[in-house]
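In listed order, ligands and their atoms are each counted from 1. Along the sequence shown, the residues carry numbers beginning at 1.
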Amino acid sequence: MSDLCARDLRVLWHPCTQMQDHEWLPLVPIARGEGPWLIAESGKRYFDGISSWWVNLFGHANPTISAAVAKQAHTLEHVILAGFTHRPAIELAERLLALVGPPFSRVFYADSGSAAIEVALKMSFHFWRNVGQPGKQRFVVFDGAYHGETLGALSMTQVPLYRETYGALLLDPLVAPSPSGAFGSVDPAASAASLDALRTLLETYAETVAAVVIEPLVQCAAGMRMHDPGFLSRLRSLCDRYSVHLIADEVAVGFGRTGAMFAHQKAGIRPDFLCLGKGLTGGYLPLSCVLTNEHVYAAFYDEYRTLKAFLHSHSFTGNPLACAAALASLDIFATEPVLARNAKLGTAMDKALRELAGHPHVRGIRRMGMIAAFDLVDGKGQPYPWQERRGLRVYQHALTEGALLRPLGNTVYFMPPYVATPDELAWLVSVAARGVEAAT
Ligand SMILES: *Cc1c(COP(=O)(O)O)cnc(C)c1O
């Protein structure tokens with residue numbers, strides 16, 4: 001096993017990692033997965049408390065999804081999606097549209113969450129150009145937003161850690177305050193202030209704004225910062241009033257994470273663009289998509305020489321293997337009471353989290369659907385300076401107990417696969433609680 005680590009560190013460059021850390025922080029080589037568990041080459045088992053970066057829904061090596069991917073691999077692994085098409089791409093689009101309902105009527109495939117954001121930004125911009133309002137070029141985002149890390153998507157991201165270094169390369173969106181309150185809490189006053197600021201921005205700049213981009217209900221990467229559905233309905237009204245698009249980035253919160261199949265459905269609104277990724281394939285393969293309506297689609301439909309067409313593609317757009325995985329994942333949603341089961345798991349997490357209420361180093365205990373979090377604070381109730389990397393100590397402690405938790409700064413969070421049991425989740429929270437002791 002140490003041989004694997006040495007070989008890895010000779011040739012790999014890991015994502016989102018200061019590689020020097022691995023002089024003292026061991027890598028964990030994983031041999032296989034089984035439900036919510038990851039089994040290391042050493043034989044040690046790790047509970048995947050973060051769904052492997054929020055992608056996994058129904059466990060690792062899920063028999064239903066694995067069988068579907070294997071079958072598809074023996075049938076058609078890939079084909080160009082320009083000029084050609086295939087059953088999995090068609091059926092998946094039909095089923096996604098049935099899940100979100102009208103007025104969504106079109107699905108554009110891409111291959112990562114970031115790519116879906118790029119598509120939505122370009123489509124919105126290009127829409128306004130096609131309908132004779134080429135001045136609408138800018139975007140509005142919220143403080144704390146995370147929309148990915150390719151340059152266009154990173155431009156929309158407002159988490160300084162990821163953005164600041166590359167600032168000189170990026171677009172310059174207008175920024176409204178985050179809709180959530182202290183320690184990521186749902187906070188009606190913060191949401192109202194955010195909307196007021198947004199209204200002022202739109203009053204001044206709407207003529208030059210193409211779209212508002214939001215992570216509905218939970219700003220995940222910023223530290224699981226939550227807001228309530230009422231904010232989204234008021235946001236939708238503002239976008240309508242000022243004639244700007246609403247782009248909903250449900251890359252992280254789609255597919256049941258917040259308790260509804262899609263987060264915007266909790267507010268009863270319809271965004272103009274809906275970006276999906278991560279859990280789309282049950283966490284099996286890179287696939288993303290942007291859903292939009294016929295009004296948007298029609299603005300691109302014309303003779304070739306008008307250059308109104310959306311000339312955007314990725315090599316693996318609509319990959320059949322990925323579509324087959326997504327269809328199998330939707331089969332599980334269709335045949336099992338997933339959301340009802342998750343509601344029970346959520347109650348189990350609440351119960352376990354109550355043990356932490358009043359802990360002197362814990363603030364902002366919160367949960368929405370299958371996302372729960374709290375923040376670490378010092379003896380005076382203040383966040384620790386990020387340089388102290390307290391969350392990393394929780395990560396290290398969790399590994400010793402056989403759990404994968406990966407705090408975001410001071411925010412310790414749980415985003416487990418939906419196949420966890422209530423007992424496993426209670427245990428996971430207790431691991432985090434012992435991690436807090438180790439870290440503070
Ligand atoms: C992860 C994430 C993205 C980017 O997706 P990638 O597949 O990592 O490119 C975009 N938006 C949100 C809200 C995300 O959580």
> What about the rings of F374 and Y413, do their centers lie closer together than 6.0 Å?
Replying inline: no
> Is E250 near ligand 1, meaning one of its heavy atoms is under 4.0 Å from it?
Replying inline: no
> Using heavy atoms and a threshold below 4.0 Å, how should the contact between E215 and ligand 1 be classified: side chain, backbone, both, or neither?
Replying inline: side chain
> For the residue pair S180 and H227, what are the closest heavy atoms and their distance?
Replying inline: CB-N, 4.5 Å
> So which heavy atom in the protein is nearest atom 1 (C) of ligand 1, and how far is it from that ligand atom?
Replying inline: K278 NZ, 1.6 Å
> Which ligand 1 atoms are under 4.0 Å away from a heavy-atom of S112?
Replying inline: 7 (O), 9 (O)
>> Return the closest protein heavy atom for atom 11 (N) of ligand 1 as residue, atom name and distance.
In response: D249 OD2, 2.6 Å
> In terms of atom number and element, which parts of ligand 1 are under 4.0 angstrom from non-hydrogen atoms of Y146?
Replying inline: 1 (C), 2 (C), 3 (C), 11 (N), 12 (C), 13 (C), 14 (C)
>> Please work out, at 4.0 Å between heavy atoms, whether the side chain, the backbone, both, or neither of C220 comes within that distance of ligand 1.
In response: neither
> Taking the six-membered ring for Trp, are the ring centroids of F127 and F310 within less than 6.0 Å of each other?
Replying inline: no
>> Considering non-hydrogen atoms of the protein only, which is the closest contact for atom 8 (O) of ligand 1, and what is the distance?
In response: S114 OG, 4.5 Å
> Any chance CZ of R45 has more than 12 other-residue heavy atoms, nucleotides or ligands included, within less than 6.0 Å?
Replying inline: yes
>> Between R236 and D272, does the salt bridge (charged side-chain N to carboxylate O under 4.0 Å, His left out) criterion hold? Intermediate values first, please.
In response: CA-CA 10 Å; R236 176 71 266 186; D272 301 286; 3.1 Å; yes
>> Assess, by modelled atom type and distance only, whether the side chains of Y146 and E149 contain a donor and an acceptor separated by less than 3.5 Å.
In response: yes
>> Any nitrogen or oxygen of W54 lying under 3.5 Å from a nitrogen or oxygen in ligand 1? Just yes or no.
In response: no
>> Show me which atoms of ligand 1 lie under 4.0 Å from any heavy atom of A252.
In response: 15 (O)
> Given E118 and T150, is the side chain to side chain donor-acceptor pair (under 3.5 Å) satisfied, shown in steps?
Replying inline: CA-CA 8 Å; E118 304 285 348; T150 54; 2.5 Å; yes
> Are S178 and Q219 linked by a side-chain donor-acceptor pair shorter than 3.5 Å?
Replying inline: yes
> Short list, please: which atoms of ligand 1 are under 4.0 Å from a heavy atom of G148?
Replying inline: 4 (C), 10 (C)
> Given that the side chain starts at C-beta and the backbone is N, CA, C, O, which of these parts of E149 lies under 4.0 Å from ligand 1, counting heavy atoms, or is it both or neither?
Replying inline: neither
> Please state which protein non-hydrogen atom is closest to atom 6 (P) of ligand 1 and give its distance, to 0.1 Å?
Replying inline: G113 N, 3.4 Å
> If you measure only the distance, is there a donor-acceptor pair under 3.5 Å linking the side chains of S66 and Y284?
Replying inline: yes
